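Comments concern the structure below.
Order of the sequence lines fixes the chain letters, A, B, ..., with proteins taken first and strands second; residue numbering starts at 1 for each chain. If you're wondering where the values come from, they're calculated on a predicted model, not measured in any experiment.
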Amino acid sequence: MEKLPGKDHYTFFENVFEVVKLIPYARATSYGAIANYLGSRGSARMVGWAMNASHHSTVSIPAHRVVNRNGLLTGKHHFGSPDLMQQLLESEGIVIENDQIKNFGEIFWDPAKEIGF
DNA sequence: GGTGTGACCAGCT
DNA sequence: AAGCTGGCCACAC
């Protein structure tokens with residue numbers, strides 16, 4: 001995993017990247033699910049903040065597979081183009097309707113449940 | 001080095 | 001039922 005500049009030890013931040021990279025193809029998860037998996041429910045905001053930093057990272061992070069708990073593409077505006085996130089998801093076979101993932105209940109990938117710890 | 005803020009979530013009012 | 005608030009951790013000014 002990548003070490004962020006100015007940090008000598010791994011943090012909550014890097015754990016987020018690990019989980020995001022583990023998201024399978026054609027699947028999506030929520031910020032809260034990742035935060036919950038890492039042990040801090042209220043840290044969901046940090047997950048989003050980590051995604052913002054993912055752009056700065058040299059490693060490719062599938063941030064488009066991370067949405068809010070409603071399946072809404074809240075962070076689409078932070079991609080290169082507002083529609084880029086939707087296009088990436090659609091290219092994986094995920095159906096998006098009105099900036100929201102359709103059948104999110106089936107596509108939802110809960111790390112705590114799938115990884116199983 | 002204190003303060004503000006951020007791609008969120010859940011609980012109150 | 002819907003709007004507001006607090007909380008969580010890391011980073012920029």
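- Rounded to an integer number of Å, the gap from A:Ile34 CD1 to B:dC9 C1' is 14 Å.
- Counting to the nearest Å, the C1' atom of C:dC9 and the CD atom of A:Glu14 are 12 Å from each other.
- Here the P atom of nucleotide B:dG4 and the CG atom of A:Asn52 are 21 Å apart, to the nearest Å.
- Here B:dC9 is the nucleotide among B:dC9, C:dA10, C:dG7 with the atom lying nearest to any side-chain atom of A:Ser30.
- Nearest nucleotide to the side chain of A:Ser43, out of B:dC9, C:dA10, C:dC8: C:dC8.
- Note: CG (A:Leu72) to P (B:dC8) measures 9 Å, nearest angstrom.
- The shortest distance between the side-chain N/O atoms of A:Arg69 and the OP1/OP2 oxygens of B:dA10 is below 4.0 Å.
- Spacing of P atoms, C:dA2 relative to B:dA7, comes out at 25 Å, to the nearest Å.
- For A:His78, the side-chain atoms get nearest to B:dA7 when compared with the rest of B:dA7, C:dC9, B:dA10.
- Annotation for A:Ile101 and A:Ala28: closest pair CD1-CB, 3.8 Å, computed over non-hydrogen atoms.
- Sorted by first then second residue, the ring-ring contact (aromatic ring centres under 6.0 Å, His included) pairs that include residues 73-107 of chain A, not counting sequence neighbours, are A:Phe104-A:Phe108.
- Rounding to whole angstrom units, NZ of residue A:Lys76 and P of B:dC8 are separated by 13 Å.
- The pair A:Arg27-A:Glu92 fails the salt-bridge criterion, with no side-chain N (NZ, NE, NH1 or NH2) lying under 4.0 Å from an Asp/Glu carboxylate O.
- Set against C:dC8, C:dA10, B:dC9, the side chain of A:Phe12 has C:dA10 as its closest nucleotide.
- Distances were taken from every side-chain heavy atom of A:Trp49 (C-beta onward) to each of B:dA7, B:dC9, C:dC11; the shortest belongs to C:dC11.
- Residue contacts for A:Tyr31: at a heavy-atom cut-off of 4.0 Å it reaches a base atom on one of the strands shown.
- As a whole-Å value, the separation of A:Arg45 CZ from B:dA10 C1' is 13 Å.
- When every heavy atom of A:Leu89 is checked against every heavy atom of A:His64, the shortest pair comes out as CD2-O, 3.1 Å.
- Atom CZ of A:Phe13 is separated from atom P of C:dA12 by 9 Å (rounded to the nearest Å).
- To the nearest 0.5 Å, atom CG of residue A:Leu88 and atom CG of residue A:Asp83 are 11.0 Å apart.
- Look at NE2 on A:His77: it is 13 Å from P on B:dC8, rounded to the nearest Å.
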